[in-house]
There are 2 protein chains.
Amino acid sequence: MTSYHHGNLRESLVETGIELARAQGPDGVVLREVARRAGVSHNAAYRHFADREALLSEIARHGMRELHAAMQREIDTADAEDHPDERTRAAARLRATGRAYVDFAVAEPGLFDVAFSAIPDEDGLDADTDPYDLLTHVLDDAVVAGAVSADLRPGAEVICWAAVHGFATLHVHGPRASAPVEERNATLEVMLDHIARGLA
Amino acid sequence: MTSYHHGNLRESLVETGIELARAQGPDGVVLREVARRAGVSHNAAYRHFADREALLSEIARHGMRELHAAMQREIDTADAEDHPDERTRAAARLRATGRAYVDFAVAEPGLFDVAFSAIPDEDGLDADTDPYDLLTHVLDDAVVAGAVSADLRPGAEVICWAAVHGFATLHVHGPRASAPVEERNATLEVMLDHIARGLA
DNA sequence: CATCGAATGTGGCCACTGTCAACATCGGGC
DNA sequence: GCCCGATGTTGACAGTGGCCACATTCGATG
């Protein structure tokens, strides 16, 4: 039954690590605990990861993919709704992007933390799993649709990202962590208003 | 010379801890290393701090004070400049606030990290050393001076803070850490433009 | 000034972690 | 069928945060 060789250890370690990351954040990803839960001796992980940081990087990569997926879902939902014109549709997609980002961070603080605290490994993310790439496309589309002025396009990714990322971190483990949900959501909408107006 | 009683241990520990925090961030603040550098046995720290987290909180408090001071300095500088009217002056102060925040984060990444990663101890910051309070006042003044519309005042602290905080964290240890300084500064100015226009 | 209790610092200990080196076991290609 | 590389295991080490019992010193009280 339990053969000497696990057969699928690397994947199991990553999955277990993800569980720990979700439950307890970066510090919860303890190599020995991961190994224990995977039913394997401590040290076995070293056959698949150079060190703890390498495992964290893999978990971070997964977190980024999840974040990307959550954003894509919200974008698609916004896209499927009725809109009077393409400009409005593009604006809705941009809003959805930001909302999804914050919602993900709040719903999965541990993963979110790991995603941004771990040093990414040498080869980054695929273009189609990188949240930053997604935002870039949404903004490009918004320019075409006339929701974002071409003059204001340069640097817009960073600005949008900064606003939303800061909002998320302040509310995840920062000084705003104790803010009520309704207030958080209301303020977020106001911020998204600002962004939309500022870029138009 | 080296008497049994240090005489000033608590303060020494905090100072040493600050050095470590500045040099290596939160993980660099190792109780035993702090004690070592303070020329005292490990464990002595427990007479002054409940645990490592308590020392980190104290360091975080210091970081917040430094951040506050840096912001205040920039604000004063902006205030001392010539301005055509009070509206412009208030806008300049708001910009200075944001710039100082980012500059501090980039200049003191370790302290900045500790300030926002450590759990603040029970009694928070004095009103006059809390960066958030400072921002609030700057915004209030800006409303009076007509640089910020009263309609847009609610939630403005959080939005300004989020934008600037996100910008800072993305550039300190996030995916934008490798961005060139000129680009960072240029983008920051654009973001400050957005904020100023968005709140007017 | 003497004394004694509280405050402060010490040394030893424990459980735990990441990492390394040596060894065990397995599975697939000659 | 055998052997070598890949994969897991065991044992060890240094380093950490935290607790305990003990040592030293300071300061208030007599």
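Lettering follows sequence order; numbering is per chain, from 1.
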Gap between atoms CG and P, on Asp27(A) and dG18(C) respectively (whole Å): 10 Å
Residue list, side chain to side chain contact (heavy atoms under 4.5 Å, CB included) with Asp141(B), at least two apart or on another chain: Arg93(B)
Separation of dG15(D) C1' from Gln24(B) CD (nearest whole Å): 14 Å
Residues forming a side chain to side chain contact (heavy atoms under 4.5 Å, CB included) with Arg184(A), sequence neighbours excluded: Val106(A), Phe167(A), His171(A), Val181(A)
Interface with DNA chain C, restricted to residues 30-37 of chain A and to heavy atoms under 4.0 Å: Val30(A), Leu31(A), Arg32(A), Arg36(A)
N/O-N/O pairs, protein side and nucleotides 19-21 of chain D side, under 3.5 Å:
{"unit_1": "dC19(D)", "atom_1": "N4", "unit_2": "Asn43(B)", "atom_2": "OD1", "d": "2.7"}
{"unit_1": "dC19(D)", "atom_1": "N4", "unit_2": "Asn43(B)", "atom_2": "ND2", "d": "2.2"}
{"unit_1": "dA21(D)", "atom_1": "N6", "unit_2": "Arg47(B)", "atom_2": "NH2", "d": "3.4"}

Any residue meeting ring pair (Phe, Tyr, Trp, His ring centres under 6.0 Å) with Phe104(A), in chain and number order, not counting sequence neighbours: none
ring-ring contact (aromatic ring centres under 6.0 Å, His included) partners of residues 109-146 of chain B, not counting sequence neighbours, each pair once: Tyr101(B)-Phe112(B), Phe112(B)-Phe116(B), Phe112(B)-His165(B), Phe116(B)-His165(B), Tyr132(B)-Trp161(B)
For atom CG of Asp51(B) and atom P of dG18(D), their distance in whole Å: 5 Å
Spacing of Leu55(B) atom CG relative to dG18(D) atom C1', expressed in whole Å: 14 Å
Value in whole Å for how far the P atom of dC16(C) lies from CZ of Arg52(A): 17 Å
Residue pairs fulfilling ring-ring contact (aromatic ring centres under 6.0 Å, His included) with at least one residue in residues 48-91 of chain B, sequence neighbours excluded: none
Under 3.5 Å side-chain donor-acceptor pair for Thr136(B) and Asp133(B): no
All side chain to side chain contact (heavy atoms under 4.5 Å, CB included) counterparts of Ala35(A), not counting sequence neighbours: Val40(A)
Glu15(B): partners by side chain to side chain contact (heavy atoms under 4.5 Å, CB included), with sequence neighbours left out: Glu11(B)
Integer-rounded Å distance: dA6(D) P and Asn8(A) CG: 18 Å
